[in-house]
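See structure below.
Lettering of chains follows the sequences in order, A, B, ..., and the numbering in each one begins at 1. The analysis underlying the following values was restricted to heavy atoms, covering all of them including side chains, and did not include hydrogens, waters or symmetry mates. Not measured: the values here are computed from a predicted model.
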There are 2 protein chains.
Amino acid sequence: MSTATESYQFGPYKIDPKEVFYATHLSYAMVNLRPLLPGHVLVCPRREVKRFVDLTADETSDLWFTAKKVGSQLERFHSATSLTFAIQDGPQAGQTVPHVHIHIIPRKGGDFEKNDEIYDAIDEKEKELKQKLDLDKERSDRSMEEMAQEADDYRLLFL
Amino acid sequence: MSTATESYQFGPYKIDPKEVFYATHLSYAMVNLRPLLPGHVLVCPRREVKRFVDLTADETSDLWFTAKKVGSQLERFHSATSLTFAIQDGPQAGQTVPHVHIHIIPRKGGDFEKNDEIYDAIDEKEKELKQKLDLDKERSDRSMEEMAQEADDYRLLFL
């Protein structure tokens, strides 16, 4: 893998390779503009595909092998004890960027007061992400430096 | 597939084959004791495995091929427009039955006032499911007849 020279598409948006910390020939994993909890990342197919059903068998397997590997490493890295995996597959399920993506979130006891407020939060962040990418990269809560640093840390987990 | 004569294990619980509407050699799909929305079903590996990372590559692929197929059919069957896929992978992510399972929920506009109250609801229902299975099958909101009927309907989608 040589993410530095590759380009990644996320729906209509181009993703800076600095944000990508793991990739296969069919999938990639990136840090989040505004993670809900430490280690909240996204895993996507490289091909721009809107709905889960549109993935080929190879893409489906590879996407989940990638998610399994990434989840396992980030759970350990963040000293978490569980993981949330979720796909909001289509607009009525909360999807705002029309490109299949798995949310992976390392979880610990008490991380959210009411355990799954986290899903409301996913929706909010997706809307913000879209606005941000559309309108004004400068409004981003996290700098590219911060995101690139996080991606650098994670990249070491997959050597 | 001949679900009628097979037995299905869901964590410590034995699942009546009448509740199962689709199965492969590695995975099965069952109706829910108390669905959050019409068509809310669960897809599980046949092998009793607690965490997603513990699935073999074959099990992982088959589980998600099954989920993709089931989601696609039930979305159409229920005239929905999106799908929620979620795994609560471990107790701190809301898992109450220690056996990997994918929640699949057909979604429509306005089905939940605030889009992802649905995830809080998943947690609640998981707790209730566990209580129910542990303590008192008679307290079930749905009769076996109703569940078996739903499973019969769905089974026809996969002939």
Verify same cluster id: A:L26, A:M30 (apolar side-chain graph, 4.5 Å): no
Which residues share a side-chain hydrogen bond (donor to acceptor under 3.5 Å, both in side chains) with A:E150, sequence neighbours left out: A:R142, A:Y154
For the student: nearest non-hydrogen atoms of B:P91 and A:S82, plus distance: N-OG, 3.4 Å
Contact listing (chain A partner; residues 43-53 of chain B; heavy atom under 4.5 Å): B:R51, B:F52, B:V53
Reported CD1-to-CD1 distance for the pair B:I102 and A:I87, which is rounded to 0.5 angstrom: 8.5 Å
For A:E19, side-chain contact (heavy atoms from CB on, under 4.5 Å) partners two or more places apart: A:I15, A:D16, A:V31, A:M144, A:M147
Rounded distance (nearest 0.5 Å) linking atom CG of A:D89 with atom OG1 of B:T81: 10.5 Å
Residues 61-68 of chain B: residues contacting chain A (heavy atom under 4.5 Å, by number): B:S61, B:W64, B:F65, B:K68
Contacting moiety of B:L55, where chain A heavy atoms sit under 4.5 Å: both
NZ on B:K108 to CD on A:Q92, rounded to 0.5 Å: 11.0 Å
Which atom of B:T84 lies closest to which atom of A:A93, heavy atoms considered: OG1-CB, 3.8 Å
